[in-house]
2 protein chains.
Amino acid sequence: MKREKISELTTNRLSVYLRCLNALLANSVATVSSQRLAEDFNLNSAQIRKDLAQFGEFGVRGVGYDVRALRDHLTVILGLDRPHRAAIIGAGNLGSALAGYYGWSASNFSVVGVFDTDPDKIGLHVGANAILVQPLENLSRVVEEEMIDVAVIAVPGAAAQSVLNTVMDAGIKAVLNFAPARLYPRFGVKIKTVDLTVSLETLSFFLARPAAPYVNQTGNGLATYSNKTNGDEHS
Amino acid sequence: MKREKISELTTNRLSVYLRCLNALLANSVATVSSQRLAEDFNLNSAQIRKDLAQFGEFGVRGVGYDVRALRDHLTVILGLDRPHRAAIIGAGNLGSALAGYYGWSASNFSVVGVFDTDPDKIGLHVGANAILVQPLENLSRVVEEEMIDVAVIAVPGAAAQSVLNTVMDAGIKAVLNFAPARLYPRFGVKIKTVDLTVSLETLSFFLARPAAPYVNQTGNGLATYSNKTNGDEHS
DNA sequence: CTCTGTGAAGTCATTCACAGCG
DNA sequence: CGCTGTGAATGACTTCACAGAG
């Protein structure tokens with residue numbers, strides 16, 4: 001085991017491994033080899049071993065990995081053993097949907113506040129669990145009171161950097177950004193951008209050249225998490 | 001110019017370049033050098049030139065690129081000169097929000113149908129523009145009638161592969177997937193997955209190790225589109 | 001014998017650096 | 001001159017292949 005910097009590609013895969021392990025656990029599988037994991041999920045077995053080896057020696061030679069133990073280790077490594085609390089900025093379509101998204105709890109996240117600057121939105125209750133929309137000015141106070149550690153930016157691109165600044169001023173260090181904009185974080189702040197425009201336009205490019213569309217980097221039809229294109233599959 | 005396979009990393013950047021060019025055009029900038037583009041948007045100028053050179057010689061030596069002409073070229077290259085029509089599968093929170101998302105039209109997309117299998121959802125009108133939710137069985141017929149070429153999967157992970165099969169049976173070749181699941185496409189079908197679970201868990205990992213969190217690959221605080229971590233910024 | 005952990009090799013992407021055009 | 005287009009150099013990630021533990 002070496003304590004080096006962990007690349008984002010690795011952390012993305014850790015999340016996938018955790019998902020796989022939970023599925024195996026649900027099927028009462030007690031032990032799994034990197035080979036078996038790789039086959040089931042179209043990854044390279046050496047990559048799985050290398051990824052895991054960065055955090056410790058979890059495997060048993062000749063046997064494989066204990067599913068539950070590895071699951072627990074990954075949960076701790078990913079920081080999912082402690083709850084996270086999120087604020088959503090922007091109470092439009094997307095922000096409201098995210099406020100009621102069922103996927104948060106599986107990763108030990110909860111949405112504890114929705115914020116907007118539009119007076120027409122403030123005071124509304126949005127999402128499946130009807131969270132109150134507060135003025136953005138409240139953010140800093142609520143972040144402290146509610147121990148919020150993650151912000152989700154769901155505002156138009158033009159407003160995104162300004163919102164990010166407000167979010168950083170409130171002391172938040174981790175941001176999930178849905179605005180189609182390049183954002184400049186301060187030192188020590190992590191942003192993850194989900195850019196639907198880029199995704200759509202890449203699909204459009206594919207449709208525009210059906211003959212020789214892409215380099216298929218793996219040839220196995222499931223490039224999703226096994227290579228650096230990061231979230232894209234093609235065959 | 002060489003006619004080779006184009007990597008996904010390149011197409012993602014093309015989309016970003018197009019966005020930048022539109023912004024310049026809105027500011028009445030007529031000509032731009034790769035140097036200037038690189039500075040404004042924290043990219044490497046050689047990479048911009050290399051990306052563009054794969055499709056033709058658009059620049060003028062000693063001068064730079066004509067903003068409007070390059071914009072028009074990229075629009076055609078990305079296939080955005082022709083309209084695309086999308087179906088959304090899954091009328092839950094996320095699917096409904098996407099049906100009313102304002103970002104579609106900027107890329108010449110329109111949402112022309114929403115589908116679900118839940119009898120309670122069928123017949124409802126969802127999203128900002130109140131699109132009727134139809135039974136998934138209608139998909140194949142509507143795809144043909146409405147010339148749909150893109151599908152958006154917004155269903156729970158467990159149902160995603162089955163929905164993808166239905167979508168592919170209907171003849172759709174490009175899919176945007178929001179389900180947290182690894183999907184197996186058939187040959188000639190392109191899938192782009194937006195996995196919110198992976199994004200959240202990566203943020204959680206960052207928060208769990210504030211000391212030596214990541215390799216910062218560029219050091220400029222805007223790694224977003226300039227490197228292979230693809231959508232992530234950190235400083 | 002099986003399967004992990006890992007150095008070495010291979011593949012792919014980015015950046016450098018410059019020849020050459022306008 | 002300045003800037004593009006591109007070979008060469010560098011760097012990053014993945015895969016191979018095997019020593020060694022159990």
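Labels below follow one simple rule: chain letters A, B, ... track the order of the sequence lines, proteins then strands, and each chain is numbered from 1.
- Counting any heavy atom pair closer than 4.0 Å across all strands shown, G62(B) reaches a base atom.
- Distance alone, capped at 3.5 Å, places no donor-acceptor pair between the N177(B) side chain and the K192(B) backbone.
- For the pair F55(A) CZ and dG5(C) P, the computed distance is 13 Å after rounding to whole Å.
- Neither OP1 nor OP2 of dC1(D) sits under 4.0 Å from any side-chain N or O of R61(B).
- Rounded to whole Å, atom C1' of dG5(C) lies 13 Å from atom CG of D51(A).
- Per the geometry, CD belonging to E57(B) stands 18 Å off P belonging to dC3(D), to the nearest Å.
- Remark: side-chain polar atoms of H84(B) are paired, donor with acceptor, to backbone N or O of G79(B) under 3.5 angstrom.
- The base of dT14(D) has none of its N or O atoms less than 3.5 Å from a complementary donor or acceptor on the side chain of K50(A).
- Counted by atom type alone, Y102(B) and N93(A) present zero donor-acceptor pairs between their side chains at under 3.5 Å.
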side-chain contact (heavy atoms from CB on, under 4.5 Å) evaluation trace for D72(A) with V76(A)
CA-CA 6 Å; D72(A) 291 347; V76(A) 171; 5.8 Å; no
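- As rounded to whole Å, 17 Å separates atom C1' of dA8(C) from atom CD of Q47(A).
- If you measure from atom NZ of K5(A) to atom C1' of dC13(D), you get 18 Å, rounded to the nearest angstrom.
- When rounded to the nearest whole Å, the span between CZ of R49(A) and P of dC16(D) equals 11 Å.
- In this structure, CD1 of I6(A) is placed 13 Å from P of dT14(D), rounded to the nearest angstrom.
- A sub-4.0 Å separation between OP1 or OP2 of dG5(C) and a side-chain N or O of Y65(A) is present.
- Rounded to a whole Å, the CG atom of L9(B) is 12 Å from the P atom of dT14(D).
- If you check every strand for non-hydrogen atoms under 4.0 Å, S34(B) touches sugar and phosphate atoms only.
- Between Q35(B) and the phosphate of dC3(D), there is no side-chain N or O to OP1/OP2 separation shorter than 4.0 Å.
- With hydrogens and angles ignored, the 3.5 Å screen pairs no side-chain donor or acceptor of E201(A) with any backbone N or O of L80(B).
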